[in-house]
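Working notes, beginning with the structure itself.
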Amino acid sequence: MKEPCGRPVEGGWRVSPELNPDVLETTASEIVFVSDKDTLEIADLKEWDSLDFVMVTDSGDSAFVRVDRKAVNPFENPDPKLLETSASGMLSREQALFDIDALIFAISQVHPDIFSVCRQEDLFRAVNRAKASLSDSVTPMQFYRASAPVVAMIGDGHTNLDFPYKSVFTGDLKRFPVFVDVLTDRSLICTSSLDSVISRGDRIVSVNGVSADSIVDAMMPYVSGERPHFRISRIDAMFPALFHMLYAADSYEVEYQPRGAKKILSHTFPAVTFGEIKQRCPTTKSGKKKDVYSYSVDSLNDVAVMDFRSFYDAERMERFADSMFTDLREKNITNLIIDIRDNGGGHSRVGDILLRYISPEPFIQMDKALIRISPLTSKLMGEAGIEPMFVFQEVDSSQYIKPLSVREGHYTGNVYLLTSNKTFSSAGSFAWAFKECGMGMVVGEETGGMNVCYGDILQYTLPVSRLTAYISFKRFWQLRADENDIHGTLPDVAVPAADALDAAMKLVKTNRRGS
């Protein structure tokens with residue numbers, strides 16, 4: 001037998017009439033069988049297709065032969081039989097093992113450096129542990145529970161495995177009827193509870209005998225992020241899902257401490273459906289969705305507050321910024337507070353538009369970037385034909401963005417930037433440029449986004465489970481960042497995020513009195 005390039009298979013291939021059929025597995029699309037008497041050529045056999053035929057041996061025996069063509073890369077073109085899932089949504093162990101391998105393969109092909117934080121042996125030991133933990137049949141949540149910690153070990157806040165919310169949080173699921181904020185110190189603060197038994201602002205001490213900080217510690221392996229405080233902010237966003245995965249029960253005995261009280265109280269809640277929760281839990285939402293950016297003016301105190309929630313829509317930001325700064329000039333407002341405490345990022349160009357109004361010098365948000373393009377990257381981008389490559393880009397000062405002149409509308413007042421551990425991605429680079437270029441004072445917490453970080457994510461859908469993974473394919477260095485000193489933007493005035501606006505207002509009043 002010969003391979004398609006013409007090389008004979010070492011040792012040849014002996015046909016066994018006793019086998020029914022005698023199966024040849026190959027990744028070749030063209031196979032040639034050559035004997036002393038005859039030649040058989042098979043051309044254009046598609047991946048995962050088979051071809052059956054009968055060979056006659058020298059002794060006159062008939063041998064039933066099957067050629068099975070497998071995929072050259074089964075992660076990019078899996079066996080269709082492997083993709084067949086049960087009506088229950090359960091995965092077989094074989095399917096779950098395949099998806100773990102496909103996940104690690106995809107991340108290794110897209111991410112610029114999966115070992116920049118985690119050692120190879122540690123990561124692949126974790127892969128082996130994840131595989132060993134799988135039972136004969138696996139739910140999507142069980143698959144997530146096994147696999148998410150492996151992804152989180154990479155240490156990149158942009159690269160993560162998404163929780164299977166749709167398959168888990170069905171209408172008939174009974175769940176924990178208390179909602180909380182997770183603070184950086186690992187404390188749990190109630191935001192709402194069934195029948196308002198526990199009031200907003202009360203501290204949750206324990207649930208079913210597990211302390212609040214132990215609950216948060218148990219969730220940490222499942223969330224991605226460069227620093228503990230950012231990972232905790234991820235837990236805050238995912239708390240209902242992670243809590244159900246780790247601590248689901250028929251009832252929940254909650255110990256809690258009311259605000260301003262020393263005594264710890266206890267109440268046992270039944271697990272209830274989300275429909276009941278909506279009827280019996282108060283909500284703090286007004287029902288009106290907040291705009292991605294807005295501002296208000298307090299002429300009496302000579303201050304404006306801009307609520308900046310997302311780096312969204314550059315053209316819209318151009319109109320918004322022009323309107324806001326025109327209004328501030330006309331009203332002679334000399335203090336501006338920009339609030340990005342709940343800003344998870346978006347497109348950095350939106351930030352550039354705003355920074356041009358307040359920067360005293362030319363600036364750039366990122367001055368170096370590493371971009372990795374692989375065949376899988378091109379496929380996920382939907383742009384076939386991009387040549388595989390690594391590209392390292394550096395920006396020199398001649399390429400920095402120039403601020404607007406006073407005539408063009410540059411703002412000359414005092415600017416204060418409110419930050420938190422949830423200030424991430426493009427919001428983090430905005431904060432870094434703000435401080436690095438001396439645009440004003442940063443008030444609040446260290447940002448969740450680091451000065452050297454990965455970003456620009458691609459979405460990868462696992463072949464069998466259909467869970468979604470998000471994978472970075474770029475690495476960024478923010479303006480003049482030192483790779484040996486990686487951290488978020490550090491505040492000039494460090495206060496808890498909840499107190500940042502009050503602290504900034506005090507600075508405004510102090511500066512006004514001193515002027």
(message) Ignoring hydrogens, what is the shortest heavy-atom contact between E276 and L194? Give both atom names and the distance.
(response) O-CD1, 4.5 Å
(message) Are S192 and R200 packed together at the side-chain level, in the sense that at least one heavy-atom pair is separated by less than 4.5 angstrom?
(response) no
(message) Can a side-chain donor-acceptor contact be found between E255 and S206 if the only test is distance below 3.5 angstrom?
(response) yes
(request) Kindly give the heavy-atom pair with the smallest separation between F143 and I100, and that separation in Å. (result) CE1-CG1, 3.5 Å
(message) Would you say N511 and Y416 are linked by a side-chain donor-acceptor pair, where the criterion is simply a distance under 3.5 Å?
(response) yes
(message) One thing to verify: whether R349 and E318 come together as a salt bridge, which I'm taking to mean a side-chain N less than 4.0 angstrom from a carboxylate O.
(response) yes
Distance-only donor-acceptor pairs under 3.5 Å for side chains of residues 169-184, two or more places apart:
residue: T170; atom: OG1; partner: D172; partner atom: OD1; Å: 2.7
residue: T184; atom: OG1; partner: N421; partner atom: OD1; Å: 2.7

(message) Between Y411 and F325, is the ring centroid distance below 6.0 Å?
(response) yes
(request) Taking atom types as modelled, find out whether S425 and H158 have a side-chain donor-acceptor pair closer than 3.5 angstrom. (result) yes
(request) Under the side-chain contact (heavy atoms from CB on, under 4.5 Å) rule, collect the residues that match up with N484, sequence neighbours excluded. (result) D482
(message) If we ignore hydrogens and angles and just use 3.5 Å, is the side chain of E436 paired with the main-chain N or O of A433 as donor and acceptor?
(response) no
(request) Would you verify whether the NZ or CZ of R234 falls within 45 degrees of the ring axis of F424 while also being under 6.0 Å from that six-membered ring's centre? (result) yes
(message) Closer than 4.0 angstrom, basic N to acidic O: yes or no for R475 and D113?
(response) no
(request) May I ask you to say whether K474 pairs ionically with D456, meaning some side-chain N is under 4.0 Å from a carboxylate O? (result) yes
(request) For V117 and I154, work out which heavy atoms get closest and say how close. (result) CB-O, 3.5 Å
(request) Could you tell me whether R316 sits above the aromatic face of Y293, with NZ or CZ closer than 6.0 angstrom to the six-membered ring centre and within 45 degrees of the axis? (result) yes
(message) For D162 and Y144, which I'm curious about, is there any donor-acceptor pair between the side chains at under 3.5 Å?
(response) no
(message) Nearest 0.5 Å, please: how far is CH2 in W432 from OG1 in T419?
(response) 12.5 Å
(request) Decide, yes or no, whether a salt bridge links D327 with K331 under the criterion of side-chain N to carboxylate O below 4.0 Å. (result) yes
(request) Starting at CH2 of W477, measure out to OG of S429 and round the result to the nearest 0.5 Å. (result) 14.5 Å
(message) I need the minimum non-hydrogen distance between K422 and S233, along with the two atoms involved.
(response) CG-CB, 3.6 Å
(message) Regarding D307 and S294, do their side chains bring together a donor and an acceptor under 3.5 Å, going by distance alone?
(response) no
(request) Might you point out which heavy atoms bring I333 and A304 nearest each other, and give the distance in Å? (result) CG2-N, 3.7 Å
(message) Between T423 (side chain only) and T447 (backbone N and O only), is there a donor and an acceptor less than 3.5 Å apart?
(response) no
(message) Can you confirm if the aromatic rings of Y454 and F476 lie within a centre distance of less than 6.0 Å?
(response) no
(message) When you compare the side chains of D202 and Q257, does any donor N or O come within less than 3.5 Å of an acceptor on the partner?
(response) no
(request) Validate the cation-pi geometry between R372 and F473: distance from NZ or CZ to the six-membered ring centre under 6.0 Å, angle to the ring axis within 45°. (result) no
(message) Testing the basics here: between V452 and I486, what is the closest heavy-atom pair and its distance to 0.1 Å?
(response) O-CG2, 3.8 Å
(request) Kindly write out the residues that satisfy side-chain hydrogen bond (donor to acceptor under 3.5 Å, both in side chains) with R329, not counting sequence neighbours, or none if the list is empty. (result) T326
